[in-house]
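Written out below as structure tokens is the structure these notes cover.
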Amino acid sequence: MIDNLNDIKALILVAQTGSFTKAAAQLGVSQSALSHTIKSLENQLNLRLLHRTTRSVSPTPVGEQFLKKIEPLLSQIDLEINNLSQFHNTLAGNIRIHATDHVINYLVWDKLIPIIKKYPEINVEIATDYKFTDIVAERYDMGIRIGMHIDKDMISRRISHDIKMAVVASSEYFKQNQIPITPDDLITHNCINMRLPTKGGIMGWDFKDSNGQIFDKHVDGQLTFNQVPMLIKAAKDHLGIIWVQEDRIQDELASGELVKVLDDWAMTYEGYYLYYPHRQESNPLFMLFVNSLKL
């Protein structure tokens with residue numbers, strides 16, 4: 001008999017992350033405590049559930065079978081417990097969201113505030129970065145990405161209109177440098193780059209010509225960042241040209257602090273989508289967030 005179902009949840013997380021270190025960090029416990037928990041669970045079942053090496057952790061064949069049968073049952077238990085909140089005329093539980101800072105600040109935050117204020121028993125965790133995170137493996141309830149990057153096995157709901165990109169620099173910068181007329185002219189400019197977190201490469205700047213053909217430019221400059229707010233800050237400090245979502249710089253464009261160029265070549269992307277595993281759709285707490293965020 002298993003003493004604590006949380007021990008099984010811990011096992012699932014270790015298997016999903018492939019790491020005691022990552023799983024312990026997410027659970028808020030020490031690595032040694034988590035290792036002791038899993039060892040105790042294996043002793044109770046008299047089964048070896050995980051292969052352990054110095055570099056990785058993976059389920060044994062019997063561990064795979066155990067997880068395959070038990071994980072859906074635990075998910076159903078969590079769902080039914082959340083559903084009980086309807087009998088208290090309120091909603092309670094935990095929601096974990098993964099997105100970029102742009103999405104949270106410009107699309108989501110104002111819609112979350114009423115929910116947080118109305119339902120004090122709801123706990124919301126928001127993680128922001130630029131990685132293509134596996135939300136199931138990392139135990140997020142939902143993620144937000146541009147539509148073309150949504151995994152095919154996920155349900156998605158659109159939460160934004162199309163996203164227009166802009167090439168901008170400060171008016172002071174353009175007083176000292178000639179305004180580019182075509183993307184090819186960027187070769188003579190100090191362009192501020194963005195390094196992608198997934199592969200470590202520098203992000204190309206996408207453009208669309210008069211025939212609708214999309215192409216990208218790899219530009220050069222003194223500065224490279226891995227966070228968009230620093231791109232904007234550097235541009236406002238007259239250090240070069242950036243390529244950024246236009247809605248992030250509306251105030252700067254309106255005031256004239258930043259000046260937009262190459263607008264006839266501007267790239268527009270499909271909007272952002274909220275995405276999640278299909279099993280969540282029967283959870284009233286979860287659907288409150290979905291219905292509040294979608295267009």
Side-chain angles (χ1 to χ4, degrees), residues 5-6 8-19 22-29 67-68 70-88 90-147 149-160 197-198 271-295:
L5 290 180
N6 285 330
I8 300 180
K9 292 181 178 180
L11 171 70
I12 292 170
L13 186 56
V14 172
Q16 288 175 338
T17 61
S19 167
K22 291 180 180 179
Q26 290 190 33
L27 292 169
V29 300
L67 292 168
K68 184 177 180 179
I70 295 297
E71 188 173 357
L73 297 177
L74 287 181
S75 296
Q76 187 62 35
I77 290 172
D78 287 339
L79 176 60
E80 294 302 330
I81 290 173
N82 283 331
N83 287 342
L84 290 175
S85 63
Q86 63 184 299
F87 297 106
H88 297 287
T90 187
L91 289 173
N94 304 314
I95 290 288
R96 300 184 73 229
I97 304 171
H98 182 274
T100 66
D101 60 337
H102 173 241
V103 169
I104 298 300
N105 289 325
Y106 294 89
L107 298 174
V108 172
W109 184 247
D110 288 343
K111 295 179 179 180
L112 290 181
I113 292 174
I115 297 175
I116 294 168
K117 289 182 175 179
K118 185 175 180 180
Y119 301 101
E121 295 184 29
I122 292 177
N123 300 313
V124 183
E125 179 181 343
I126 299 171
T128 59
D129 60 43
Y130 299 97
K131 296 179 181 179
F132 287 147
T133 297
D134 183 338
I135 61 169
V136 174
E138 299 294 333
R139 299 182 69 204
Y140 291 104
D141 297 291
M142 60 182 70
I144 301 173
R145 287 183 189 166
I146 291 175
H149 295 307
I150 301 297
D151 296 332
K152 300 301 183 184
D153 59 344
M154 294 285 174
I155 295 174
S156 61
R157 298 286 184 268
R158 187 160 181 157
I159 66 168
S160 83
T198 48
Y272 284 103
Y273 285 76
L274 180 75
Y275 68 100
Y276 52 90
H278 66 86
R279 65 175 181 270
Q280 294 278 22
E281 290 211 307
S282 57
N283 183 337
L285 169 61
F286 183 86
M287 292 310 298
L288 168 68
F289 280 79
V290 172
N291 293 327
S292 298
L293 296 178
K294 71 181 183 182
L295 281 178

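At least one side-chain heavy atom of Ile122 sits under 4.5 Å from a side-chain heavy atom of Leu288. Residues Arg145 and Phe132 meet the side-chain proximity criterion, which asks for heavy atoms closer than 4.5 Å. Using a 4.5 Å heavy-atom cutoff, the side chains of Pro277 and Val136 are in contact.
Under a 3.5 Å cut-off, the side chain of Lys111 and the backbone N or O of Leu293 do form a donor-acceptor pair. Formation of a donor-acceptor pair under 3.5 Å by the Thr133 side chain with backbone atoms of Ile135 is not found in this model. Without hydrogens or angle criteria, Arg96 side chain to Glu138 main chain gives a donor-acceptor distance under 3.5 Å.
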For this session: Under the side-chain contact (heavy atoms from CB on, under 4.5 Å) rule, what do Leu13 and Arg139 come out as? Steps first, then yes or no, please.
Result: CA-CA 8 Å; Leu13 186 56; Arg139 299 182 69 204; 2.9 Å; yes
Exercise. Could you walk me through whether Leu112 and Asp110 pass the side-chain contact (heavy atoms from CB on, under 4.5 Å) check?
Worked result: CA-CA 6 Å; Leu112 290 181; Asp110 288 343; over 6 Å; no
Exercise. Would Tyr106 and Asp101 satisfy side chain to side chain donor-acceptor pair (under 3.5 Å), going step by step from the backbone distance to the final call?
Worked result: CA-CA 8 Å; Tyr106 294 89; Asp101 60 337; over 6 Å; no
For this session: Could you walk me through whether His102 and Asn105 pass the side-chain contact (heavy atoms from CB on, under 4.5 Å) test, one step at a time?
Result: CA-CA 5 Å; His102 173 241; Asn105 289 325; over 6 Å; no
Problem set entry | Working for side-chain contact (heavy atoms from CB on, under 4.5 Å), residues Leu274 and Phe289 | CA-CA 10 Å; Leu274 180 75; Phe289 280 79; 6.0 Å; no
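Taking the six-membered ring for Trp and thresholds of 30 and 60 degrees, Tyr276 and Phe286 have ring planes more than 60 degrees apart, a perpendicular arrangement.
Screening Asp129, Asp134, Thr128, Asp141 against His98 for a side-chain hydrogen bond (donor to acceptor under 3.5 Å, both in side chains) leaves a single residue, Asp129.
In the model, Tyr272 has no side-chain atom that pairs as donor or acceptor with a side-chain atom of Arg158 under 3.5 Å.
Scanning all heavy atoms of the two residues, the minimum distance from Ser160 to Gly271 falls at OG-CA, 3.4 Å.
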